[in-house]
Amino acid sequence: MSFLKRIKSEVLIGDGAMGTLLYESGVDQCFEEVNILHPEKVLSVHKKYVEAGADVIQTNTYAANKLKLEKYGLEGQVRELNREAVQLAKEAANQSAYVFGTIGGVRRFQLEEWSLQEIEVAFSAQINELLTEGVDGLLLETFYDLEEAKMAVSLARKLTNLPIVVNLSLGDVSVMNGGIPISSAFDQLTAVGADVVGLNCRTGPFHMLRSFETIPLRQDAFFSAYPNASLPDFRDGRVYYESNTEYFKAMGEKFIKQGVRLLGGCCGTTPDLIKAFSEVRDITEPVTQKTVRPLIRVREAIHVPREQRPLPEIVKERKSVIVELDPPKKLSTKKFMNGAKELKEAGVDAVTMADNSLASPRVDNLALGAMIKEQIGVRPLVHITCRDRNLIGLQSHLMGLHALGIDDVLAITGDPTKIGDFPGATSVYDVSSFQLISFIKQLNEGISFSGKELGQKANFSVGAALNPNVRHLDKAVKRMEKKVSSGADYFMTQPIYSVDQIEALAHETKHIKEPIYIGIMPLTGTRNAEFLHNEVPGIKLTDDIRAAMAACGEDREASTNEGIIIAKSLIDAALTHFNGIYLITPFLRYEITVELTQYINSQKLILQGS
């Protein structure tokens, strides 16, 4: 009897984790490569699940697509790995279980790693190999991103009439990443061709069951559930899952009573746990009606108005100046605080602080931001890099900023660790700057990175970096447009040392509504100029400027004065096209940026008078 005919009248049992058992057997490599190198191990796992009562076993092909195999240098073996996986599963099933070809989701939070079009091409190649070998259906699992899941189901449906199961992974009970209700996600997946919709991974039975309790039975599709064995533990460098068969029996019965018709396991599950599901299935009738528990939602997120007007609003109305002060590398903050005080008195709109610039540890900019806000009364604008914190740390950091009333941030990728004080340190980069911008704006809706409700809306104005010092300015503008689409409210440029470059930028960005702060960093000497020109990515000086600084020789005072003169000429050019000036203080010599701030404010008065 076909899979779809059986699932209409009975509960079917899926298999459990493949990777967990391979890992326990000593495999510490690409699990899909084991199909070729140690096929007997894969075959053994399949057979154990069939013996445990599985009606549906998955091919060992979760990551057997070109994109994921690139990590192991195996992208050229898509055909071999998928075809061998199907044959192993068929041998184990021996016509007593259905063999479903497995395709795992690619996107998690790093949505910029591959485009949806690239993923579609990779999925298409993999699905075709699975279908060629004669699978009984397709199982698409561990999809965190709904758009990717819809694409995969739609693609699969175009390629086959076989049954399609799709399992999503949730950020919270009944909610996907981005706050999408699971019921809405299921609607969209069935609309593009899914026969069975469900959940897998991320949580154990307890939390997964709570999601199913809030969803009514469907007339157009059946439910599947593949929970993890439990929450994972980490001991002695290894991941462990703990659960027991009696607990799984009890939870299996509850899943069936919530309408689940395909019941299997994900991370940490074993043949014993699948056997427990099989045993409870044999004594539990599938349901055709159920009582839906209303999803208890936290009341609508509260919006507490921010203390100050957002910078983007200010710079749209008038000339505005923000000044960067580098957080100190040493423990004393006295000079930094003096500089912030002087800049406040000079009339800056904000003091901005890098996030461990050049990958070197400095006093935390959140702490300094709170200090200058409370002790000096100047607006802090803190940079946030993707380099140093994983998603947990990033969200926690932002929640802390919100709690302190620090609402102005700049989201950037961050310099790689190899150029800093600890070249062996790990660069995290869980997300790109595009995704970080998007996630911060999600906090403004009262939704966490993972889709959970936060009870209150944040008030962040999100700045983005713009590097105009490139050979093809149009490409930089394209990235800028992409950041606008992600939610950027304004831009801060790398230092510019060319009037022509300022004018070219004005011309190329005239269609951009979001304001731009032009970066001006005064030079302090010829060695400083040559270092910036030759060694710092994204900064190029004109020959005239380099010559002018070289003419000052080692004369510190002359060099400083010449640097200020050059900066003023660039400021004059910038103010004819842009309202925002972003001054970068060199080596904490804040007296230079104080003078330039005063100059900008005097120019504002002249322009207003004219």
Side-chain angles (χ1 to χ4, degrees), residues 322-326 329 352 354 356-360 362 383 385 410 412-421 423 465-477 479-480 491-509 516-575 577-578 581-593 595-596 599:
I322 58 180
V323 179
E324 180 174 320
L325 273 184
D326 259 344
K329 289 185 176 181
T352 179
N356 297 326
S357 59
L358 298 179
S360 297
R362 298 170 182 269
H383 302 195
T385 73
L410 175 72
I412 57 175
T413 302
D415 304 306
T417 56
K418 65 181 180 181
I419 70 171
D421 291 358
L466 168 62
N467 180 16
N469 303 308
V470 291
R471 182 172 298 177
H472 301 289
L473 187 55
D474 59 324
K475 292 183 179 180
V477 174
R479 285 181 60 84
M480 187 181 182
F491 289 86
M492 296 163 59
T493 79
Q494 290 271 43
I496 301 178
Y497 290 97
S498 166
V499 171
D500 290 343
Q501 192 71 26
I502 292 171
E503 292 175 348
L505 182 63
H507 179 267
E508 292 292 327
T509 60
I516 301 172
Y517 282 87
I518 300 299
I520 306 290
M521 183 163 68
L523 300 167
T524 58
T526 184
R527 284 187 291 179
N528 170 230
E530 292 304 310
F531 169 74
L532 292 172
H533 179 76
N534 291 292
E535 296 194 36
V536 178
I539 297 180
K540 290 297 177 185
L541 278 61
T542 66
D543 291 341
D544 289 346
I545 288 176
R546 293 168 65 197
M549 295 307 300
C552 297
E554 297 298 318
D555 189 323
R556 178 184 172 93
E557 184 177 353
S559 296
T560 299
N561 289 336
E562 186 62 36
I564 290 173
I565 290 169
I566 292 168
K568 286 180 178 178
S569 68
L570 294 168
I571 288 167
D572 291 340
L575 288 176
H577 300 286
F578 301 94
I581 300 294
Y582 161 39
L583 298 176
I584 299 137
T585 306
F587 312 113
L588 266 183
R589 293 180 61 182
Y590 56 81
E591 70 279 0
I592 297 175
T593 43
E595 180 177 338
L596 291 174
Y599 175 76

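Note that the structure is predicted; figures quoted are calculated from it, not measured. We count residues from 1, following the sequence as given.
Proximity of a side-chain donor or acceptor of T493 to a complementary backbone N or O of G519 within less than 3.5 Å is detected. With Y497 contributing its side chain and M521 its backbone, the two residues share a donor-acceptor pair below 3.5 Å. For the pair T526 (side chain) and G553 (backbone), a donor-acceptor distance under 3.5 Å is absent.
L410 is not listed as a side-chain neighbour of T352, based on a closest heavy-atom distance of 4.5 Å or more. Side-chain contact between L583 and I571: present, with at least one pair of heavy atoms (C-beta onward) separated by less than 4.5 Å.
Summarising the geometry of N469 relative to P495, their closest heavy-atom pair is ND2-O, 2.9 Å, with the distance given to 0.1 Å. Nearest heavy-atom pair across S559 and M549 is O-CE, 3.5 Å. The shortest heavy-atom contact between L523 and N528 is CA-OD1, 3.5 Å. Among all heavy-atom pairs drawn from P522 and I592, the shortest one is CG-CG2, 3.5 Å. The minimum heavy-atom distance between T413 and T385, with the atom names listed, is O-CB, 3.8 Å. In terms of heavy-atom proximity, D326 sits nearest to A354 at OD1-CB, 4.1 Å.
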I would like to know whether D500 and T542 meet side-chain contact (heavy atoms from CB on, under 4.5 Å); could you show each step before the answer?
CA-CA 10 Å; D500 290 343; T542 66; over 6 Å; no
Under the criterion side-chain hydrogen bond (donor to acceptor under 3.5 Å, both in side chains), I'd like the reasoning laid out for T585 against T593: C-alpha separation, chi angles, the key distance, then a yes or no.
CA-CA 6 Å; T585 306; T593 43; 2.9 Å; yes
Does I502 form a side-chain contact (heavy atoms from CB on, under 4.5 Å) with F578? I'd like the steps, not just the answer.
CA-CA 9 Å; I502 292 171; F578 301 94; 4.1 Å; yes
Pair N356-R362, side-chain contact (heavy atoms from CB on, under 4.5 Å): steps then yes or no:
CA-CA 6 Å; N356 297 326; R362 298 170 182 269; 3.9 Å; yes
Could you walk me through whether T509 and F491 satisfy the side-chain contact (heavy atoms from CB on, under 4.5 Å) test, starting with their C-alpha distance in whole Å, then the side-chain angles of each, then the deciding distance to 0.1 Å, before giving a yes or no?
CA-CA 11 Å; T509 60; F491 289 86; over 6 Å; no
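Here the CD1 atom belonging to I516 is positioned 6.0 Å from the CG atom belonging to L466, to the nearest 0.5 angstrom. Rounding to the nearest 0.5 Å gives a distance of 11.0 Å between CG of L575 and CG of L570. Here the straight-line distance linking atom CE of M492 with atom CD1 of I322 works out to 4.0 Å at 0.5 Å rounding. Taking OG of S360 as the reference point, atom CG of D415 lies at 9.0 Å (rounded to 0.5 Å). A distance of 10.5 Å separates CG in N467 from CG in L505, rounded to the nearest 0.5 Å. In this structure, CZ on R479 lies 12.0 Å from NZ on K475, to the nearest 0.5 angstrom.
More than 12 heavy atoms of other residues, nucleotides or ligands sit less than 6.0 Å from atom CZ of R589.
For R527, the salt bridge (Lys or Arg N to Asp or Glu O under 4.0 Å) criterion is met by E554, not counting sequence neighbours.
Sorted by first and then second residue, the salt bridge (charged side-chain N to carboxylate O under 4.0 Å, His left out) pairs involving residues 533-545 (not counting sequence neighbours) are D543-R546.
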